[in-house]
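Structure, as C-alpha cells:
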Amino acid sequence: MNTDDLSYLLNDLNDAQRQAVAAPPDRQRVLAGAGSGKTRVLVHRIAWLIQVEQASPYSVLAVTFTNKAAAEMRGRIQSLLGQHLQGMWVGTFHGLAHRLLRAHWQEAGLPEHFQILDSDDQHRLIRRVIKDLNLDEQRWPPKQAQIFINSRKDEGLRPQNIQANGDLFLATQRNIYAAYEAACQRAGAIDFSELLLRALDLWRNHPGLLEHYQRRFRHLLVDEFQDTNAVQYAWLRLLGQSGDSLMVVGDDDQSIYGWRGAKIQNIFQFCTDFPDARTVRLEQNYRSSATILNAANAVIAHNQERLGKELWTEGSQGEPIALYAAFNEYDEARYVTEQIRQAIGRGLARQDIAILYRSNAQSRVLEESLLREGIPYRIYGGQRFFERAEIKNAMAYLCVIHNPHQDAALERIINLPTRGIGDKTLDQLRDYARAHQVSLWTALHQSLERALISGRAASALLGFVQLLEELTQAVQGASLPRLTQILIERSGLWEYHRNEKGEKARTRLENLEELVNAAAAFEQDWDSSETPTPLAGFLAHASLESGEQQAAEHEDSVQLMTLHTAKGLEFPLVFMVGMEEGLFPHQMSLEEPGRLEEERRLAYVGITRAMQRLVMSHAEVRHLYGKEVRHALSRFVREIPSALIHSIRLSGNSGRASGLATSAPRLSESKGTAVAGTELKVGQLVRHALFGVGVLQAFEGSGAHTRVQIKFDTEGTKWLMLSHAKLES
DNA sequence: CGGTCGGCAGTTTTT
DNA sequence: CTGCCGACCG
C-alpha cells in the first residue's frame with residue numbers, strides 16, 4: 001500500500017488518535033475526553049478501514065444517538081472520502097432499528113404499516129389503558145406508569161419478566177404494562193423503547209437474520225457509548241461478537257443521561273465482554289484554555305466511579321474563571337447581560353456566547369434582561385416542530401389517509417374539528433374494538449353496519465367516513481406537499497385554527513404552512529429505497545426526527561440552553577449561571593451519591609464547553625416557586641482550585657485574596673448618604689434611560705463595583721451597576 | 001362544546 | 001410564581 005496517498009488520513013492526528021485510527025481491524029474502547037477530537041477519530045477510522053483495510057462501505061455500521069450527530073458524521077465521512085456513503089449505514093439507534101423492522105416486519109410480528117408512538121401518544125394510550133383496567137387515575141398516574149414501562153423496556157424486560165412477589169405496586173404496574181402492550185399490538189403501534197427492544201428480539205428470535213447482519217456489518221462504530229442503555233448494548237454485543245472491527249467511543253465523565261436509562265457501566269463492562277479490546281485514551285484537548293481544563297479536571301476528580309482521564313492542552317493558560325456573587329437572580333441576569341454587551345463591544349460574535357443553566361425555568365429572567373438591552377438571543381429547548389399540537393393534528397390526517405387502522409391518529413382527528421362525535425360514542429367504539437380485537441376504524445364500520453349506534457351519533461360518524469373518502473379522492477395522485485395542503489384545508493383544520501383567537505393562532509397557521517414546506521423539502525430528498533411512498537417516509541421522518549430546534553433564526557444571537565443541551569457544543573465565552581447548592585447540584589440529586597456524581601459530570605460538561613473565557617455566577621437570594629430562598633455556593637465551584645478563580649464581589653473589597661467566601665454586601669441605605677465618589681445621595685430622584693424616574697433607595701460597594709438600588713415609578717425596584725446605568729439626576 | 005376556576009406540583013431530553 | 005389538568009357550568 002502506498003502510504004503517501006493516505007497521509008491525509010493521519011496527518012493532523014496526534015499519537016493517541018493515530019493509534020485508534022490506524023490500527024488493523026480490532027476491538028477498541030476509545031475514552032475520548034471533551035474536545036479531544038472524537039468525531040474526527042471515528043470518521044478517520046472509517047476512512048482508514050475503507051481505504052487501507054479495503055473494507056466495503058457496505059460492511060460499515062456507525063451508530064449515534066441523535067439525528068444531528070448522525071447527519072454530521074455522514075457529512076464528514078463524505079467530505080473525507082470524497083464520495084457518497086455507498087451502502088454504509090450511518091444513523092441513530094432508533095433509525096436503524098426502524099429500518100430493520102420495516103424490512104422484517106413479519107418476522108418481528110408487526111403489521112406492515114406499523115406506526116411509531118411518540119411519548120405524547122404513548123401517554124394518551126397508557127391513560128386509556130388505565131381507565132380500561134378500572135384503576136383509579138389518582139392512585140395510578142399515567143405518567144408514573146409510562147416511566148415504569150419505558151424503564152423496564154430500556155432494561156429489556158417484558159411483563160412476564162417482572163416478578164411482583166405479592167407487591168401490589170409492582171403487580172399493578174406490570175398489569176398496566178401488559179395491557180398497554182396488548183393495546184399497542186392491536187393498534188399496530190410501537191413506542192421508542194419498543195423500537196429498540198423489538199429489533200433486539202428480532203435478532204434473538206431469528207438466528208438466521210442475525211447471522212445475515214453479522215455477516216454484513218463487519219465493522220461497527222459507536223458514538224457516545226456512555227449513553228447506551230441495556231438494550232442498545234445487548235444489540236451491539238450480538239452484532240459485534242463476530243465482526244472484524246468494533247470501536248466504541250465515549251467518555252464516562254460525560255455520562256449525564258443515567259436518569260433516562262443510559263448505563264455508564266457499559267463502558268466498564270465492555271472490556272469484560274470483549275477481553276481482547278484495547279483501550280485508547282484521548283486526553284489532549286483542542287478546545288479550552290489550560291485554566292478551564294484544570295478547573296474541569298479538579299471538579300471531576302471528586303467522582304469515585306470513573307476510569308480516570310486528565311485533559312491537557314498545548315495552549316496557553318488563558319484568563320482566570322470569573323465568579324460573580326449576585327445579589328439575586330435579577331442582578332445575576334443584569335451582570336451576565338452587561339458582560340455580554342461588553343464582549344460584543346470587543347468584537348465577539350453573539351453566537352460565540354452561551355448562557356448555560358441547570359433547568360429551563362432559569363431562562364426567563366435572563367431573557368427579560370437580554371430583551372431589555374436589545375441583545376438578540378436564541379433559546380434551545382421547548383417544543384419541537386413535529387411535537388406542536390397543530391402539526392400533530394395535520395400529521396394525524398396524513399397518517400389516517402395512509403392507513404386508517406392507526407388508532408392513535410384516528411382518535412386524534414375523529415372529532416377535530418368537532419363534528420359531533422363525543423366521548424360516549426368513542427367509548428362505544430373503543431369497547432367494540434377491544435372486544436372484537438379490531439382497529440377503531442373497523443369498529444366504526446361494523447358498529448354502523450350492525451346499527452349499534454343510534455341516530456345523531458351515527459350520522460356524525462357517517463359524516464366522518466364520508467369526509468375521509470372525499471379526502472382520499474382529493475389527494476389521489478397529488479404530490480406530498482400538495483397532499484399535505486389539501487388535507488390541512490379540506491379537513492377543516494385550517495378553518496379550525498383560524499378561528500382560534502390570540503397570538504397563538506397566527507403562529508399555528510404559520511406552522512401549518514411550514515409543514516407544507518417541510519413536506520416539499522422531504523419529497524425532494526426522499527430515498528425510495530427506504531420507504532414505498534413519500535408519504536410513508538414523511539410519517540416515519542416526523543416521528544423519528546422531532547424536528548430541528550427551529551433553525552429559522554439566522555440572525556447572529558446569544559445562545560441560551562440547559563447544561564444537558566450544551567453537550568457536544570463549544571463557545572469562546574460561556575456563562576454558567578445559578579451555581580448554587582439545591583439548583584446545581586439540583587435538590588433532587590443531593591440524596592443519592594450516584595445522582596450527585598452525575599450532576600458533577602454535568603458540571604464537567606458545562607465547564608469544558610468554554611474555549612477562552614468562563615464566567616460563573618450565583619445568587620445569594622433567589623425566588624423559587626414564589627418564595628425567597630438562600631442557597632450556598634455550589635460545591636462544584638468550591639471544588640475548583642481558588643487560584644483559577646477571580647471572584648467579583650459586590651463590596652468591591654479587592655484587598656482580600658481570591659477566597660471564595662462571598663461576604664454579604666454592605667448596604668448603605670440611610671437617607672442623605674452620598675454614594676461614594678459621586679454626586680448622588682440616597683433618597684434623591686434619578687432618571688434612567690429605559691426605566692424612567694425613580695428614587696435611589698440604597699447603594700453598596702464603591703468605585704467600579706458600585707451598585708445602586710432604585711425604586712422606579714413603573715418598573716419596580718431594581719439593583720443597577722452604577723457605572724453602566726447612565727443615571728441622570 | 002368551550003370557557004373558566006381551583007388545586008397542585010414543580011430537573012435534566014432524545015428518539 | 002407559573003402552568004397544567006380536571007371539574008364544573010352555561
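Note on naming: letters A, B, ... go to the chains in the order of the sequence lines (proteins, then strands), and numbering restarts at 1 for each one.
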Regarding A:Asn499, tell me which of base, sugar-phosphate or nothing describes its non-hydrogen contacts under 4.0 Å with the strands shown. nothing
For chain A and DNA chain C, what are the first and last nucleotides along the strand, 5' to 3', with at least one atom under 4.0 angstrom from a heavy atom of the protein chain? C:dC1 to C:dG6
For A:Ala145, which residues count as a side chain to side chain contact (heavy atoms under 4.5 Å, CB included) partner, sequence neighbours excluded?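 Side chain to side chain contact (heavy atoms under 4.5 Å, CB included) list for A:Ala145, sorted by chain: A:Ile126, A:Ile130, A:Gln173, A:Ile176.
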Partners meeting side chain to side chain contact (heavy atoms under 4.5 Å, CB included) with A:Thr66 (sequence neighbours left out): A:Lys68, A:Ala69
Using a strict 4.0 Å threshold on nitrogen-to-oxygen distance, state whether A:Glu495 and A:Arg498 make a salt bridge.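 Yes, this pair counts.
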Nearest-Å distance for atom pair [atom1]/[atom2], residues [X] and [N]:
X	N	atom1	atom2	answer
A:Tyr257	B:dT14	OH	P	6 Å
A:Leu563	B:dT14	CG	P	14 Å
A:Asp223	B:dT14	CG	P	15 Å
A:Asp154	B:dT13	CG	P	17 Å
A:Ile256	B:dT14	CD1	C1'	12 Å
A:Asp121	B:dT15	CG	C1'	13 Å

Can you list the residues that meet the ring pair (Phe, Tyr, Trp, His ring centres under 6.0 Å) rule with [X], with sequence neighbours excluded?
X	result
A:Phe464	none
A:Tyr177	none
A:Tyr397	none
A:Tyr180	none

Side chains of A:Thr228 and A:Trp235: is there a donor and an acceptor less than 3.5 Å apart? no
Gap in Å between the two [atom1] atoms, one belonging to [N] and one to [M], rounded:
N	M	atom1	value
B:dT11	C:dG6	C1'	25 Å
C:dG3	B:dT14	C1'	23 Å
B:dT12	C:dC5	P	16 Å

For residues 574-604 of chain A, which residues have at least one heavy atom under 4.0 Å from DNA chain C?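 Hits under 4.0 Å, by residue number: none.
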Enumerate the residue pairs fulfilling side-chain hydrogen bond (donor to acceptor under 3.5 Å, both in side chains) with a member in residues 579-590 of chain A, sequence neighbours excluded, ordered by first and then second residue. A:Glu580-A:Arg622, A:Glu580-A:His631, A:Glu581-A:Arg635, A:Ser589-A:Glu599
Below the 4.0 Å mark, does B:dT12 have OP1 or OP2 next to a side-chain nitrogen or oxygen of A:Thr565?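 For A:Thr565, the contact criterion (side-chain N or O under 4.0 Å from OP1 or OP2 of B:dT12) is not met.
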So, do A:Trp259 and B:dT12 meet the stacking rule of ring centres under 5.5 Å and planes under 30°? yes
